[in-house]
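Before any comments, here is the structure.
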Amino acid sequence: MPHRPQRRHALASFLNGRIAPGPDHPGMQLEIHPDHGYLNLRGDPGDEQFLQAVQATLGQPLPTIANTFTASTQRGRISNPSPSPTSSHTIFWLGPDEWLLVTGPGKENGKAEQLGKSLSGQCHSLVDVTGGQILLRLRGSQARKVLAKGCTLDLHPRAFKVGQCAQTTLAKTSMLIAQVDNTPTFDIIVRRSFAEYAALWLHYSGAGAM
Amino acid sequence: MLLIKCPWCGPRDESEFSYGGEADIVRPAEPDALTDEEWADYLFMRSNTRGLHREQWVHEHGCRRWFVLERDTVTYQFTENAT
C-alpha cells in the first residue's frame with residue numbers, strides 16, 4: 001500500500017496543545033476554520049467570455065470592484081448571519097486580474113474541475129492553494145479594536161464595511177481581512193507558516209483589549 | 001510614514017509597499033550592441049533627482065501590483081494624478 005499523506009492543517013498542534021480556541025473574551029471570540037478549500041484564479045476581467053464562464057460555473061459574479069468580495073450565500077450582506085462558516089463559497093478580490101475562491105471543506109477539487117472545464121481554451125490560471133492558508137474568524141464588539149492594534153488599515157466603519165476585504169499586514173504579517181457582518185465579524189486568511197503566530201497574536205491582543 | 005496611493009487599493013500605509021527605484025528606464029533593445037560603458041550606465045546609473053522624481057512602487061502586502069508615482073524628493077509629497 002502506498003503511503004497516502006494526510007492533510008494536517010496549520011494549527012492542528014496549536015489546537016491540541018497550548019491554547020484552546022478560548023478562553024473567549026466577552027468582547028471578542030477567535031474561531032479557527034481550518035478545513036476550507038482555496039483556489040487562486042487569474043484572468044482578464046475585461047473579457048466578457050471569461051466573466052460569464054466563471055459566473056455560470058459558480059453561480060455568482062467575480063467581484064471586479066477592488067477590495068470587495070461576493071458570497072454565494074447572502075451571509076456577507078445580512079446583519080445577523082448564521083454562525084456556520086462559509087457554507088458554499090466566497091470570492092475575494094486580490095488584484096485587478098486575480099481572485100481567491102474559498103470553498104467549503106473538501107469542495108476545492110470539484111470546483112477546480114468545474115472551473116477548469118468551463119474555462120478550457122480561454123486564457124486563465126487556476127491553482128489549488130488549499131494547503132497554504134487558514135481562515136481565522138474574529139467576532140465581537142471589540143474585534144475592530146483588536147485588529148486596529150496591529151493593522152495600519154483604516155478600519156473605521158465609514159471606511160471599511162461589510163462586503164469589503166483588504167490584503168494588508170497585521171502585526172507585520174501579510175493577510176487578507178474581510179468584514180462579513182456588523183457584529184462585527186472579520187474573516188482573516190493568513191498563510192500557513194504565519195498561522196500560529198497570527199492566532200497567538202490575536203489571542204493575546206484580545207486579552208489585553210478588554 | 002508615507003501614505004501611498006495605490007491605483008487599485010487607494011491610500012495605504014508605506015509599510016505595505018516596496019520601493020522599486022527610478023521609473024521609465026527602458027532595457028536596451030540590443031544589449032549586444034552596447035559598449036561596456038553604455039551597459040553599465042543602463043544597469044547602475046540613476047539620476048538622484050532633487051525635486052520631482054518618477055519612481056516605481058509595488059503594493060507588496062496588498063494587490064502586489066507595480067505602479068509609477070511622482071514624488072518630490074525634498075518634501076516627500078506625492079504629485080496627485082501624475083501620469
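Throughout, a chain's letter reflects where its sequence line sits, starting with A, and its residues are numbered from 1. All figures in this text were calculated on a predicted structure; none of them were measured in a lab.
The interface of residues 45-53 of chain B with chain A, defined by heavy-atom distances below 4.5 Å, is empty. Using a 4.5 Å heavy-atom cut-off against chain A, no residue of residues 23-36 of chain B qualifies as contacting.
Other residues, nucleotides and ligands place no more than 12 heavy atoms under 6.0 Å from the CD1 atom of Ile65(A).
Residue pairs satisfying the ring-ring contact (aromatic ring centres under 6.0 Å, His included) criterion with at least one member in residues 24-48 of chain B, sequence neighbours excluded, are listed as follows: Trp39(B)-Tyr42(B).
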List, with distances to 0.1 Å, the donor-acceptor pairs found between chain B and chain A - the cut-off being under 3.5 Å and no angle criterion applied.
{"unit_1": "Arg12(B)", "atom_1": "NH1", "unit_2": "Gln167(A)", "atom_2": "O", "d": "2.8"}
{"unit_1": "Glu16(B)", "atom_1": "OE2", "unit_2": "Thr168(A)", "atom_2": "OG1", "d": "2.6"}
{"unit_1": "His61(B)", "atom_1": "O", "unit_2": "Thr168(A)", "atom_2": "N", "d": "3.4"}
{"unit_1": "His61(B)", "atom_1": "ND1", "unit_2": "Ser174(A)", "atom_2": "OG", "d": "2.4"}
{"unit_1": "Gly62(B)", "atom_1": "O", "unit_2": "Gln167(A)", "atom_2": "NE2", "d": "3.4"}
{"unit_1": "Arg64(B)", "atom_1": "NH1", "unit_2": "Gln167(A)", "atom_2": "OE1", "d": "3.3"}
{"unit_1": "Arg64(B)", "atom_1": "NH2", "unit_2": "Glu98(A)", "atom_2": "OE1", "d": "3.1"}
{"unit_1": "Arg64(B)", "atom_1": "NH2", "unit_2": "Glu98(A)", "atom_2": "OE2", "d": "2.9"}
{"unit_1": "Arg65(B)", "atom_1": "NH1", "unit_2": "Glu98(A)", "atom_2": "OE1", "d": "3.2"}
{"unit_1": "Arg65(B)", "atom_1": "NH2", "unit_2": "Asp97(A)", "atom_2": "OD1", "d": "2.2"}

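Closest of all the heavy-atom pairs between Cys63(B) and Gly95(A) is CB-CA, 4.1 Å.
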